[in-house]
Amino acid sequence: MSGGIDSSVAAILLKDAGWEVIGITYRIYDNPLDSDTEEETVAIKEAREVAERLHIEHHTLDLRREFRETVIDYFIREYSEGRTPNPCVVCNPAIKWTYLLEAADTLNCTRIATGHYARIGKENGRYFLKKAEDPLKDQTYFLWKLSQEQLARTLFPIGGLTKEEIRNIARSKGFARLSKKSESQEICFIPDNNYRKFLTDEIPDFEKIFKPGDFVDNRGKVIGAHKGFPNYTIGQRKGLGVAAGYPLYVLSIDPQSNKIILGSKEELGGSLLYATDINYMKRQTLCDGENLSVKIRYRNTGYDASVYPEGHRLRIEFRGKADAITPGQSCVLYEGEDVVAGGIIHSVRPEK
RNA sequence: UGUCCCAUUGUGUAAUGGUAGCACAGCAGAUUUUGGUUCUGUCAGUCUAGGUUCGAAUCCUAGUGGGACAA
C-alpha cells in the first residue's frame, strides 16, 4: 500500500471479496517526513490511515538499503554508461515482489496483491501478464521482468477496472480525498523530478568525470556543446540549446568519444534492436521470425516486428521505423493482450 | 587598395514603402508509476548615424561588420 488510490482500492476490493487482508508499506527512500509526528513519511502515514479505516493489519518495512543497492545504484550506473535506465522495471521484481513475498511467508499469507493495472493469465502451465482493462493505464510494460514464481502468487485486484471506476469505488467507500489525489508519480526517489540534478548530486566529482563535450551531426560536424552525457537520453529534444530551424533530437550517445549525435525526427527512427536479459512469460521460447507487437516505451501502442531468438538474446526487426530506440529501456513483446516476453534493449546497430 | 553582395528577436529566415510573421532554441504549464516524446501558452528583433516620404525593415548617403571577386 503506497497511500495512493490504486493500492487502497485494491485492498478494499480484496476485503470485500472476503480475503483476509494485511497491508504492507515500504519505505524505500528518505522522503519528506510528516510535519506533525516527524516520525513517518507522509505516504506511510496515509497508507496506515487507510489500513486503519479498513480495519486491516498493517506493517511498514524499511527497505532503504536494499532499494539503494539494487535500484538507485543501477540507475546511476546506467546513466554513467550512456544508457537510459528504467528503475520501475528493476524495482518491481527485485524489491516490490521479492519483499512482499518474503513478508507473505512470514505472515502466513498465500497470495500477494498490488495496485497495478494489469491482469494475469495462465495457459499450458505458464503464467503471463495481460494488458489491463483500461488501455490508458496499462502497466504491463513495467512488469515484464516478473518470474513465474512471482506471478503464480500475485493478484491484481484493479486490473479489470478503469481509472474512473477506481475513483468511483474510492468515493463510494468514503475515501473521497484519495479519489482526488493527483496521478503524478515520476521517479519515486527523486522528489523534485529533476533526475539530472539527482545525478550530479549523487555522483561524487560528477564534473570531473563527465566533462562537457561536442554535439555533432550525422557527418561529425560540431554543432554545439553538451554538459556531460549523463544529462541526456536518446530521443531528447528539450534542453539541447541548439537551433537548426527544425527540431533536433539526441540520436545516440558515445561515452568513449564523449560525443552526442543530434539529428532530425526522421533520423531518429530505427528498424532493428538487440535485446538481452530476456524473460519469457507466456511462451517458454520463440520461433524464428514470429510477428509480434513490440513496445519500446511506456506510452506507445507498440510496433509490428519480427522476432528472432539468437542465443540468450533477441533480434527484433521492425516492419516500419520505430521511434528513438533507447539502450537501457525495456522492450516488451505482446501477442494481442498477452505479454509473451520482455527484455532490455542492448544495442540498435547490426552485429555479427 | 578597387568593384560587387549582405546585415531583421539567442539562431535560421519572411514581409507590392504603410508600421514585423514563421521555425528552432529559451521559459512556463498540461500529460505521465522510468527517461524521452507530444500538446498548449509565452518572452524576445529590423547594425549605427543622417536623409527622402504623410509614412521605411523595405529608397538614398556615410559609417561599422561579414562575404565574393580583383595583382
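Letters A, B, ... are given to chains in the order of the sequence lines, protein chains preceding strands, and every chain is numbered from 1. What you are looking at is a predicted structure, and each value in this text was computed from that prediction instead of being measured.
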Inset, instruction - Would you mind classifying the nucleic acid contact of Y232(A) as base, sugar-phosphate or nothing, using non-hydrogen atoms under 4.0 angstrom? - result: nothing
Legend entry - Candidate list L268(A), V348(A), I234(A), test side-chain contact (heavy atoms from CB on, under 4.5 Å), partner L251(A), passing option: L268(A)
Inset, instruction - Taking the six-membered ring for Trp and the full ring for Phe, Tyr or His, determine whether the centres of Y29(A) and F67(A) are under 6.0 Å apart. - result: no
Inset, instruction - Determine the interatomic distance between P on C5(B) and the same-named atom on C27(B); round to the nearest Å. - result: 41 Å
Inset, instruction - Name the nucleic acid region contacted by L268(A), choosing base, sugar-phosphate or nothing; use a 4.0 angstrom heavy-atom cut-off, strictly under. - result: nothing
Inset, instruction - Compute the centroid of each ring, for F215(A) and then for H226(A), and state whether the two points are separated by less than 6.0 Å. - result: yes
Legend entry - 5'-most by nearest nucleotide on RNA chain B - G241(A) or N86(A): G241(A)
Legend entry - Span that lies between the C1' atom of U8(B) and that of U58(B), in whole angstrom: 11 Å
Inset, instruction - Give none if U32(B) has no partner; otherwise give the nucleotide forming a Watson-Crick or G-U wobble pair with it, both distances under 3.5 Å. - result: none
Legend entry - Under-4.0 Å salt bridge between K131(A) and E337(A): no
Inset, instruction - For residues Y334(A) and Y141(A), establish whether the separation of their ring centroids is below 6.0 Å. - result: no
Inset, instruction - Measure from CG on L240(A) to P on A23(B) and round the result to the nearest Å. - result: 19 Å
Inset, instruction - Examine F229(A) together with Y79(A) and report whether their ring centres are nearer than 6.0 Å. - result: no
Legend entry - Sidechain N-carboxylate O distance under 4.0 Å for E310(A), R315(A): yes
Inset, instruction - Round to the nearest Å and state the distance from I325(A) atom CD1 to G35(B) atom P. - result: 20 Å
Inset, instruction - Compare the minimum distances between each of U11(B), U38(B), G36(B) and the side chain of R299(A), then state the nucleotide with the smallest one. - result: G36(B)
Inset, instruction - Measure from CG on N193(A) to C1' on A28(B) and round the result to the nearest Å. - result: 15 Å
Inset, instruction - In whole angstrom, give the distance that lies between atom NZ of K238(A) and atom P of G41(B). - result: 13 Å
Legend entry - Rounded interatomic separation in angstrom, taking CD1 from I344(A) and C1' from U34(B): 11 Å
Inset, instruction - Please give the nucleotide sitting opposite A49(B) as a Watson-Crick or G-U wobble pair, both distances under 3.5 Å, or none. - result: U61(B)
Legend entry - Watson-Crick/G-U partner (both atom distances under 3.5 Å) of A14(B): none
Inset, instruction - Could you tell me the separation between the CZ atom of R83(A) and the C1' atom of G36(B), rounded to a whole number of Å? - result: 16 Å
Inset, instruction - With heavy atoms under 4.0 Å as the rule, sort S330(A) into base, sugar-phosphate or nothing. - result: nothing
Inset, instruction - Sticking with atom C1', work out how far A28(B) lies from C47(B), rounded to a whole angstrom. - result: 32 Å
Inset, instruction - Quickly work out the N231(A) CG to G36(B) C1' distance and round it to whole Å. - result: 14 Å
Legend entry - Residue matched to A68(B) through Watson-Crick or wobble contacts both under 3.5 angstrom: U3(B)
Legend entry - Pair partner, A56(B) [Watson-Crick or wobble, under 3.5 Å]: none
Inset, instruction - Scan residues 244-258 of chain A against RNA chain B and write down, sorted by residue number, each residue with any heavy atom closer than 4.0 Å; if none is found, say none. - result: A244(A), G245(A), Y246(A), P247(A), Y249(A)
Legend entry - Spacing of the C1' atoms in G55(B) and A70(B) (rounded, Å): 41 Å
Legend entry - Output field: ring centroids F75(A)/F189(A) closer than 6.0 Å: yes
Legend entry - Inter-nucleotide C1' distance (A57(B), A14(B)), Å rounded: 11 Å
Inset, instruction - Determine the Euclidean distance between corresponding C1' atoms of U9(B) and C24(B); express it in Å to zero decimal places. - result: 12 Å
Inset, instruction - In whole angstrom, give me the gap between the C1' atoms of U16(B) and G12(B). - result: 25 Å
Legend entry - Nucleotide paired to A25(B) in any strand shown, Watson-Crick or G-U, under 3.5 Å: none
Inset, instruction - Check the distance between U37(B)'s C1' and Y141(A)'s OH and give it to me in whole angstrom. - result: 13 Å
Inset, instruction - Tell me whether the OP1 or OP2 atom of U32(B) has a side-chain N or O from R297(A) closer than 4.0 Å. - result: no
Legend entry - Presence of salt bridge, D201(A) and K197(A), under 4.0 angstrom: yes
Inset, instruction - Examine the base of U34(B) for any acceptor or donor lying under 3.5 Å from a partner atom in the side chain of Q329(A), and report the outcome as yes or no. - result: yes
Inset, instruction - For Q139(A), report the nucleic acid contact type (base, sugar-phosphate, nothing); a contact means any heavy atom under 4.0 Å. - result: base
Legend entry - Base-pairing mate for U8(B) - Watson-Crick or G-U, with both contacts under 3.5 Å: none
Legend entry - Heavy-atom closest contact (V50(A) atom, L178(A) atom, distance): CG2-CD1, 4.1 Å
Inset, instruction - Give, for atom NZ of K96(A) and atom OG1 of T154(A), the distance between the pair rounded to the nearest 0.5 Å. - result: 12.5 Å
Legend entry - U37(B): pairing nucleotide in any strand, Watson-Crick or G-U under 3.5 angstrom: none
Inset, instruction - Name the closest nucleotide to the A243(A) side chain, picking from U32(B), U37(B), A25(B). - result: A25(B)
Legend entry - Pairwise C1' distance, A44(B) and U3(B) [rounded to whole Å]: 38 Å
Inset, instruction - Mind checking G328(A) for me? I need base, sugar-phosphate or nothing, with any heavy atom below 4.0 Å counting as a touch. - result: nothing
Legend entry - Aromatic ring pairing F142(A)/Y298(A), orientation class (parallel under 30°, perpendicular over 60°, tilted between): tilted
Legend entry - Neighbours of RNA chain B within residues 195-223 of chain A, by heavy-atom distance under 4.0 Å: Y195(A), R196(A)
